[in-house]
> 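I have a structure here, written as structure tokens, and I will follow up with some questions on it.
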Amino acid sequence: MNRNMTPSASSPDAPDHISGQRFLKRVPYLGMALALALICSYVEALIPLPIGIPGVKLGLTNIVVVIVLYLGDVRDGACVSIARVLLAGFFFGSLYSILYSLAGAILSLLVMAGLKRTGQLHLISVSAAGGVAHNVGQFLVAALVVENYRILYYLPVLFLVGMLTGVLIGIVACAVLRRLPRELLGLTAGHKEE
């Protein structure tokens, strides 16, 4: 009968414990990223865009999401993105804004994570695709909610705006990633920059 029932670090039961420790080390980093994303949401709400097309935004919060996606993984990006949508919706928006933003954020994150995983595209291209996917997700939900598919005529303009803002977000994210001290963020050692 084995008296020592606690698994050692080399036993097969240890990875759950070790992965739990890694997650706890990342909590402050993810909390900081969420706080920055909320600040970006607030700043973005204060900036009026004289375009006259509903749903067009700068997408400042995507800077944080792209950085988190490239420093961590899709789970980290999903945590920050979904928590940001819910909190920003409760603080600055409404139930409908949460619904639209959540659809855009999830589709954008899935597209960016898929493209990043291929390793074939630069961060700026991945960000541009994420900007387009965000607008598409929001407007598909809007078309379903209002049951008026004529609003999809806005989609070509939103494609262009999403691509332009996505490129700008990607440029900023690249500049930030080059300057971040990763050892202070407790990030995975095996990360390589695109």
Side-chain angles (χ1 to χ4, degrees), residues 33 36-71 73-74 76-86 88-89 92-177 193-194:
L36 286 172
L38 284 170
I39 291 168
C40 288
S41 286
Y42 181 68
V43 169
E44 189 171 58
L46 297 176
I47 300 173
L49 289 180
I51 296 178
I53 298 173
V56 173
K57 293 182 180 178
L58 290 174
L60 297 178
T61 56
N62 285 341
I63 296 171
V64 179
V65 174
V66 169
I67 290 169
V68 168
L69 182 63
Y70 270 80
L71 289 177
D73 58 18
V74 70
D76 293 342
C79 285
V80 171
S81 187
I82 292 171
R84 191 273 311 168
V85 166
L86 294 174
F92 321 121
S94 64
L95 184 60
Y96 284 114
S97 68
I98 291 173
L99 182 63
Y100 298 143
S101 294
L102 199 57
I106 290 172
L107 185 59
S108 175
L109 186 67
L110 291 174
V111 166
M112 289 192 297
L115 292 175
K116 176 189 175 251
R117 183 173 289 186
T118 67
Q120 301 298 314
L121 295 174
H122 191 272
L123 183 149
I124 295 173
S125 301
V126 171
S127 176
V132 171
H134 194 279
N135 286 347
V136 168
Q138 282 189 322
F139 261 75
L140 288 176
V141 169
L144 291 172
V145 168
V146 300
E147 297 180 358
N148 184 352
Y149 294 97
R150 279 182 258 172
I151 66 169
L152 293 176
Y153 291 128
Y154 287 121
L155 220 55
V157 176
L158 290 173
F159 250 73
L160 180 62
V161 171
M163 191 174 297
L164 290 175
T165 57
V167 167
L168 292 174
I169 296 304
I171 291 169
V172 173
C174 279
V176 171
L177 281 170
E193 189 175 335
E194 293 289 315

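Keep in mind the model is a prediction, meaning the values are calculated, not measured.
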> Sequence neighbours left out, what passes side chain to side chain contact (heavy atoms under 4.5 Å, CB included) with Ser101? Give chain and number order.
Val85, Gln138
> Do you know which two heavy atoms are closest between Leu121 and Thr118, and how far apart they sit?
N-OG1, 4.5 Å
> Could you check if a side-chain atom of Ile106 sits within less than 4.5 angstrom of a side-chain atom of Leu110, using non-hydrogen atoms only?
yes
> Do the non-hydrogen side-chain atoms of Tyr70 and Val66 ever get within less than 4.5 Å of each other?
yes
> If you round to the nearest 0.5 Å, how far is CG of Leu168 from CG of Asn62?
12.0 Å
> Please check if the side chain of Thr165 supplies one atom and the backbone of Val161 the other of a donor-acceptor pair under 3.5 Å.
yes
> Leu115 and Ala129: which non-hydrogen atoms are nearest, and at how many Å?
CD1-CB, 3.4 Å
> How far does CD1 of Ile67 sit from CG of Leu123, to the nearest 0.5 angstrom?
8.5 Å
> Say you draw a straight line from CD1 of Ile63 to CG of Leu177; how long is it, rounded to the nearest 0.5 Å?
11.0 Å
> Roughly how far, to the nearest 0.5 Å, is the CG atom of Asn135 from the CG atom of Leu140?
10.5 Å
> My understanding is that only residues two or more places apart in sequence, or in another chain, count here; which of them pass side chain to side chain contact (heavy atoms under 4.5 Å, CB included) with Val141?
Leu99, Tyr100, Ala103, Val145
> Please confirm whether the backbone N or O of Ala133 pairs with a side-chain atom of Ser108, one donor and one acceptor, at under 3.5 Å?
no
> Rounded to the nearest 0.5 Å, how far does NZ of Lys116 lie from OG of Ser127?
13.5 Å
> List the atom of Gly77, the atom of Val68, and the distance in Å for their closest heavy-atom pair.
N-CG1, 3.6 Å
> Could you check whether any side-chain heavy atom of Met112 comes within less than 4.5 Å of a side-chain heavy atom of Val65, counting everything from C-beta outward?
yes
> Within a strict 4.5 Å, meaning less than it, do heavy atoms of the Arg84 and Cys40 side chains meet?
no
> Is there a donor-acceptor contact under 3.5 Å from the side chain of Asp76 to the main chain of Cys79?
no
> Supply the atom-to-atom distance Leu102 CG to Leu86 CG, rounded to the nearest 0.5 angstrom.
6.0 Å
> Mind checking what makes side chain to side chain contact (heavy atoms under 4.5 Å, CB included) contact with Val132, not counting sequence neighbours?
Val136, Phe159, Met163
> Check side chain to side chain contact (heavy atoms under 4.5 Å, CB included) between Ile171 and all other residues, then give those that pass, not counting sequence neighbours.
Ile124, Val167
> Looking at every heavy atom in both Thr61 and Ala37, which two are closest together, and how far apart are they?
CG2-O, 3.1 Å
